[in-house]
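Below, each value reflects all heavy atoms present in this structure, side chains not excepted, and no hydrogens, waters or symmetry copies. All values derive from a computational prediction rather than experimental measurement.
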Amino acid sequence: MDTAQPAGAECSAADEFRTRNNALFARRKELLERIGALRARIDANAADMLCELTLRRAERELENLTHEIMVANYGLVRRYVAMFTARSTEHNEDFESAGKVGLLWAISSYDPARGPFASWAFKPIQREVLRAVRDADHPNLNLGDFEKRPAILAAEQAFLEESEPDARLDYTDIARRAGVTEAQVRRVLDAPRLDSLQAPAGTQDGDTVPWEDRLADPSLSLEDEVLLRFHLGTVVAEGLPTLDPRERYVLTRRFGLDGEPEQSLRAIGEQLGLSREGVRQIQQKALTKLNEPIADAV
């Protein structure tokens, strides 16, 4: 039995989706205007308690509405993430967390006059998911090169199919086919391999030497240790109090600021009920906040 929906039904569902989105964003616009007016009134009359209560209710309503829009449009994230998790769902949670960030950015910046929301949201979702995919699978490539990687690999495959079996890669030809620079082609195709720290390294004599024996001596000089403790003290005393409790917890656990062993992003995520990508974003936000206080204090 053919269970496919008729074309008319698909169009009707798409129209219903757009209509619902339009109504949600119309409500959001009205709320934002109301919140702006309330804040202006409070600035003019700080003692207006009724106005402040009304503002807090409106802000909670905006948060609830934003969540409703997120839920209604979460399918956009799932469909894009599925492109990278069709064969393995190992990083599915991290990629979806990144997609949520892109979706939230799209919601906050969307103007209904610019066309359908799905079209507007595609780029932000794509940007954040690609960054997460790059971090997980190809951390040795910058984001711009990673975005061009599919086109470069396709151009390489086309070149190999048209060339002799033992032909050398023509980077100029591949760049022309992919519409990128030759430098980008070289960075993608000749990207350095990230060897596991568990694998032994070879020597000129053919012997293998454990990586830990090849690393520089991690011990600090007295001067370096004094400087390290000074900067760490500055972070703890001047920086951490400026963070919210969750950011403070992540940095403390991540870098062992309380004297306990450092923990991985995934381990911290398990404690907080977040994905590794979610913890990474909290860490990055916290470090950005710390930048100014630390610089000023030092």
Contact check, side chains of [X] and [Y], non-hydrogen atoms, under 4.5 Å:
X    : Y    : result
R28  : L24  : no
V185 : L169 : no
E96  : Y74  : yes
V188 : K148 : no
R60  : R56  : yes
I69  : T66  : no
E156 : L153 : yes
R34  : E61  : yes

Following the transitive rule for hydrophobic clusters with a side-chain heavy-atom cut-off under 4.5 Å over Ile, Leu, Val, Met, Phe, Trp and Tyr, establish whether [X] and [Y] coincide in one cluster.
X    : Y    : result
V81  : V133 : yes
M70  : L31  : yes
L76  : M83  : yes
I125 : V101 : no
I107 : F17  : no

With R149 via salt bridge (charged side-chain N to carboxylate O under 4.0 Å, His left out) - residues at least two apart: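 For R149 there are no salt bridge (charged side-chain N to carboxylate O under 4.0 Å, His left out) partners, ignoring immediate neighbours.
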Between [atom1] on residue [X] and [atom2] on residue [Y], distance to nearest 0.5 Å:
X    : Y    : atom1 : atom2 : answer
D173 : R176 : CG    : CZ    : 4.5 Å
E33  : L38  : CD    : CG    : 12.0 Å
Q126 : K123 : CD    : NZ    : 4.5 Å
L103 : N73  : CG    : CG    : 6.0 Å
L189 : Y171 : CG    : OH    : 6.0 Å
N22  : R20  : CG    : CZ    : 12.5 Å

Contact summary for [X] and [Y], nearest pair of heavy atoms:
X    : Y    : result
V77  : G99  : CG2-O, 3.6 Å
R254 : S264 : NH1-CA, 4.1 Å
E128 : A98  : CB-O, 3.1 Å
I268 : Q263 : CG1-OE1, 3.8 Å
Q281 : S97  : NE2-O, 4.2 Å
G102 : P124 : O-CB, 3.3 Å

Between [X] and [Y], is there a side-chain N and carboxylate O pair less than 4.0 Å apart?
X    : Y    : result
R27  : E30  : no
R39  : D43  : no
E182 : R186 : yes
R266 : D94  : yes

For L55 and E59: C-alpha separation, side-chain torsions, deciding distance, then whether side-chain contact (heavy atoms from CB on, under 4.5 Å) applies. CA-CA 6 Å; L55 174 61; E59 289 174 337; 3.8 Å; yes
D111 side-chain N/O to R114 backbone N/O, donor-acceptor pair under 3.5 Å: no
Do S108 side-chain atoms and W105 backbone N/O form a donor-acceptor pair below 3.5 Å? yes
Is it the case that more than 12 heavy atoms not belonging to E164 sit under 6.0 Å from its CD atom?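 Not buried by this count: 12 neighbours or fewer within 6.0 Å.
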Sequence neighbours excluded, which residues qualify as ring pair (Phe, Tyr, Trp, His ring centres under 6.0 Å) partners of F25? Y110, F117
Under the ring pair (Phe, Tyr, Trp, His ring centres under 6.0 Å) rule, collect the residues that match up with F122, sequence neighbours excluded.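 Here the qualifying residues are Y80.
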